[in-house]
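Have a look at the structure below, then the notes.
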Amino acid sequence: MIMRLIVELVDIYTFIIFVYILLSWIPTKSGILGDIDNVLSKICDPYLDLFKKFIPPIGGMVDISPIIAIVVLQLAVRVLYFIF
């Protein structure tokens, strides 16, 4: 039961990261979207920064580190789920 809760929380966190990535494509410096972006950056950046240190942007523009971060997060929680 606890593992199921952890899986659900990781799925929610993955969705939050996905929304944060989508918002990064929209210029959101003020207003409600800016506030949402600030909150999401405080939630997502500590985890995403771990991957941004090791994975440089492709061509200097395309950052694939969030994709790798999501895959690692999902893979880790699924492996833990099947072990326990």
Side-chain angles (χ1 to χ4, degrees):
M1 174 142 153
I2 292 176
M3 279 308 297
R4 183 69 185 144
L5 176 64
I6 292 171
V7 169
E8 290 296 325
L9 290 173
V10 168
D11 287 344
I12 291 168
Y13 189 65
T14 301
F15 179 74
I16 290 170
I17 292 172
F18 184 71
V19 170
Y20 178 60
I21 293 167
L22 290 178
L23 277 177
S24 71
W25 296 346
I26 303 170
T28 57
K29 298 301 176 202
S30 63
I32 189 79
L33 286 179
D35 295 339
I36 292 171
D37 186 50
N38 288 336
V39 170
L40 292 180
S41 71
K42 290 179 182 174
I43 295 171
C44 298
D45 279 343
Y47 178 66
L48 294 177
D49 286 344
L50 297 172
F51 294 90
K52 288 180 182 180
K53 290 178 187 176
F54 300 107
I55 304 169
I58 296 174
M61 302 257 326
V62 179
D63 185 14
I64 62 166
S65 62
I67 297 169
I68 304 299
I70 288 173
V71 168
V72 168
L73 185 63
Q74 288 293 317
L75 183 63
V77 78
R78 297 305 189 248
V79 166
L80 285 175
Y81 184 76
F82 288 117
I83 289 174
F84 297 105

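Along the sequence shown, residues carry numbers from 1. Everything numeric here is computed off the predicted structure, so don't read it as measured data.
- With sequence neighbours excluded, the residues satisfying side chain to side chain contact (heavy atoms under 4.5 Å, CB included) with Asp11 are Val7, Gln74, Arg78.
- Annotation: salt bridge (charged side-chain N to carboxylate O under 4.0 Å, His left out) contacts involving residues 54-65, sequence neighbours excluded, are absent.
- Taking Ile, Leu, Val, Met, Phe, Trp and Tyr as members and joining any whose side-chain heavy atoms lie under 4.5 Å apart, directly or through other members, the hydrophobic cluster of Leu5 also contains Leu9.
- Not counting sequence neighbours, Asn38 has no partner by the side chain to side chain donor-acceptor pair (under 3.5 Å) test.
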>> For a side-chain contact (heavy atoms from CB on, under 4.5 Å) check, start with the C-alpha distance between Ile36 and Val19, then their side-chain angles and the critical distance, and finish with the verdict.
In response: CA-CA 10 Å; Ile36 292 171; Val19 170; 5.5 Å; no
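- With a 6.0 Å radius and a threshold of 12 heavy atoms from other residues, nucleotides or ligands, Ile2 has its CD1 atom at or below the threshold.
- Among residues at least two apart or in separate chains, there is no ring pair (Phe, Tyr, Trp, His ring centres under 6.0 Å) pair with a member in residues 64-84.
- Between the CD1 atom of Ile17 and the CG atom of Leu73 there is a distance of 6.0 Å, given to the nearest 0.5 Å.
- Partners of Val39 according to the side chain to side chain contact (heavy atoms under 4.5 Å, CB included) rule, which considers only residues two or more places apart in sequence or in another chain, are Ile43.
- Minimum heavy-atom separation, Ser41 to Pro46: O-CD, 4.0 Å.
- Listed by chain and residue number, Asp45 satisfy the side chain to side chain donor-acceptor pair (under 3.5 Å) test with Tyr20 (two or more places apart in sequence, or in another chain).
- Rounding to the nearest 0.5 Å gives a distance of 9.5 Å between CG of Leu80 and CG of Leu75.
- Taking OH from Tyr13 and CD1 from Ile6, the interatomic distance works out to 15.5 Å, rounded to the nearest 0.5 Å.
- Checked against side chain to side chain contact (heavy atoms under 4.5 Å, CB included), Ile12 has the following partners two or more places apart in sequence or in another chain: Ile16.
- Under the side chain to side chain contact (heavy atoms under 4.5 Å, CB included) criterion, Ile55 pairs with Phe51, Ile64, Ser65, Ile68, sequence neighbours left out.
- The salt bridge (charged side-chain N to carboxylate O under 4.0 Å, His left out) pairs that include a residue from residues 30-39 number zero, where partners must be two or more places apart or lie in different chains.
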